[in-house]
Amino acid sequence: MLNVLIADDSEDDALLLIRELRKGGLRCEFDRVESAQGLKAALNRQTWDLVVTDHNMPSFSSSDALRIVKAMQPEAPVIVVSGAISDDVAVNSMKSGAQDYIMKENLARLVPVVERELREAAQRSAHKAAEMKVAYLANHDTLTDLINRDQFKVHLEQALQSALREDAQHALVYVDLDQFKIINDTCGHLAGDELLKQIGGVIQAVLGDSDYISRMGGDEFGVLLPDCSLKEASAMAGKIHEAIKQHRFLWNEQPFTVSSCIGVVQIH
């Protein structure tokens, strides 16, 4: 279902546009606005697959509509439809971010233009998703979804610099699982991987929002506690140790108890 937002002061013209889209085989729902305030409210209310705007309206123009849409939903394709528009205005509309412009007396162009823009919007969305995934994988451990060792080192270096320059106190907690090799050898690597995922979640659940956790390699986890004294870090290490001890790992209906060795060092 295509969600279309139409900025047009004429309800009849908006209905003509929707009829043309539906006649061309596009299933769509729509809403019509006729002011800048109405456009902003509609953009705040939901995400739109397509915005179609008239050029000249009593309260605002396609230029105003373009500015608002590009500020609030920059990925939404915008098509300008007008009864009369000069070449200069059309060119300026395209430069301002409109994907195309269509004359109202030539609505036969509407469906092909919309189909083209939907394809290109899908391609842009896929490209953006791929870029975000690459960026995510560059900073996260693929197994546990925790930040990876390199990213953890960045935060650790920032903590070291902060301690040197600002006389701040931070703490590093190092967690080593005791039973990982036994589970990995007796149940296989899939069980070992699942255990690491679960323990990562167990530790993360104990930490605060400003703390950092990373799988440092194998069955070892690093935890950085910013603005934390040695006494507070020792208490947090105790909580982590107890949380891991209380966790019951189940694999093929066989339960395992997990324990850990934990070290704490002050950064100051």
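For reference, positions follow the sequence shown, starting with 1.
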Which atom of S35 lies closest to which atom of S59, heavy atoms considered:
CA-OG, 3.6 Å

Any chain of hydrophobic side-chain contacts (each under 4.5 Å) joining L230 to V173?
yes

With the 4.5 Å side-chain cut-off for hydrophobic clustering, are L225 and F221 part of the same group?
yes

When rounded to the nearest 0.5 Å, the distance separating CD of E11 from CG of L16 is 11.0 Å

A159 to I267 - nearest heavy-atom pair and separation:
O-CG2, 4.2 Å

If hydrophobic clusters are built from ILVMFWY residues whose side chains come within less than 4.5 Å, do L143 and I213 share one?
yes

Please examine the side chains of H170 and H268, heavy atoms only from C-beta on, and report whether any two atoms are closer than 4.5 Å.
no

Can you list, pair by pair, the side-chain donor-acceptor contacts under 3.5 Å of residues 235-243, counting residues two or more places apart and other chains?
unit_1	atom_1	unit_2	atom_2	d
H241	ND1	S260	O	3.3
H241	ND1	S260	OG	3.2
E242	OE2	Q246	NE2	2.8

With Q198 via side-chain hydrogen bond (donor to acceptor under 3.5 Å, both in side chains) - residues at least two apart:
E194, H247

L50/I79 under side-chain contact (heavy atoms from CB on, under 4.5 Å): CA gap, chis, key distance, verdict
CA-CA 8 Å; L50 175 69; I79 297 173; 3.8 Å; yes

Does E34 reach the main-chain N or O of M57 with its side chain, forming a donor-acceptor pair under 3.5 Å?
no

So, does D211 use its side chain to make a donor-acceptor pair with the main chain of G208 at under 3.5 Å?
yes

Within the structure provided, determine whether E220 and R215 are in side-chain contact (heavy-atom separation under 4.5 Å).
no

Please determine, by modelled atom types, if H127 and E131 share a side-chain donor-acceptor pair under 3.5 angstrom.
yes

Ion pair R32/D9, N-O distance below 4.0 Å
no

Is there a side-chain contact (heavy atoms from CB on, under 4.5 Å) between V81 and D54? Walk through the geometry before answering.
CA-CA 5 Å; V81 178; D54 192 5; 5.8 Å; no

If you take all heavy atoms of C261 and D178, which pair is closest and at what distance?
SG-OD1, 3.2 Å

With side chains defined as the heavy atoms from C-beta onward, is the minimum distance between L15 and F30 less than 4.5 Å?
yes

If you measure only the distance, is there a donor-acceptor pair under 3.5 Å linking the side chains of T257 and Q179?
no

Gap separating the CD atom of Q204 from the OG atom of S214, nearest 0.5 angstrom:
11.0 Å

Roughly how far apart are L250 CG and L195 CG, rounded to 0.5 Å?
12.0 Å

Neighbour count >12 (heavy atoms, 6.0 Å) for atom CG, N106
yes

Should we say atom CZ of R165 is surrounded by more than 12 heavy atoms from elsewhere, each under 6.0 Å from it?
no

Polar side-chain atom of E166 near backbone of A163 as donor-acceptor pair, under 3.5 Å:
no

Considering non-hydrogen atoms only, spot the tightest contact between A65 and F60 and give its length.
CB-CE1, 3.9 Å

Transitive ILVMFWY side-chain link I199 to I182, under 4.5 Å:
no

Roughly how far apart are H155 NE2 and L224 CG, rounded to 0.5 Å?
8.0 Å

Is it true that atom CE of M132 has more than 12 heavy atoms of other residues, nucleotides or ligands lying nearer than 6.0 Å?
no

Determine whether E29 and L2 satisfy the following criterion, side-chain contact (heavy atoms from CB on, under 4.5 Å), listing intermediate values before the conclusion.
CA-CA 6 Å; E29 296 290 341; L2 184 66; over 6 Å; no

Looking only at heavy atoms, which two atoms of P226 and Y212 are closest? And how far apart?
CG-CE1, 4.1 Å

Report the distance from atom NZ of K197 to atom CG of D141, rounding to the nearest 0.5 Å.
10.0 Å

Pairwise side-chain contact, F256 with C187, heavy-atom cut-off 4.5 Å (strictly under):
yes

Could you tell me if the side chain of R22 sits less than 4.5 Å from the side chain of C28, heavy atoms only?
yes

Test side chain to side chain contact (heavy atoms under 4.5 Å, CB included) applied to V223 and I262, I203, V206, the passing residue:
I203

Kindly check if the number of other-residue, nucleotide or ligand heavy atoms within 6.0 Å of CZ (R109) is above 12?
yes

Cluster question for you: counting only ILVMFWY and a side-chain heavy-atom cut-off of under 4.5 Å, with indirect links fine, are L146 and Y174 together?
no

If we only count heavy atoms from C-beta on, is the L17 to I6 side-chain gap below 4.5 Å?
yes

May I ask you to test the L43-I68 pair for a side-chain heavy-atom distance under 4.5 Å?
yes

Any side-chain donor paired with an acceptor under 3.5 Å for S61 and H55?
no

Spacing of CG belonging to N44 relative to CE belonging to M72, to within rounding of 0.5 Å:
3.5 Å

Would a distance-only check, ignoring hydrogens and angles, find a side-chain to backbone donor-acceptor pair under 3.5 Å from D8 to S10?
yes

Locate the shortest heavy-atom distance separating N148 from A138; write the atom from each residue and the value.
ND2-O, 2.9 Å

Between Q151 and H140, does the side-chain contact (heavy atoms from CB on, under 4.5 Å) criterion hold? Intermediate values first, please.
CA-CA 8 Å; Q151 190 65 18; H140 290 78; over 6 Å; no

Side chain proximity check, L110 to L21, heavy atoms < 4.5 angstrom:
yes

Quick check on R27: does its CZ atom have over 12 non-hydrogen neighbours (other residues, nucleotides or ligands) under 6.0 Å away?
no

In this structure, are over 12 heavy atoms from other groups packed under 6.0 Å from R19 atom CZ?
no

Test item: W48 side-chain N/O and A42 main-chain N/O as donor-acceptor pair under 3.5 Å:
yes

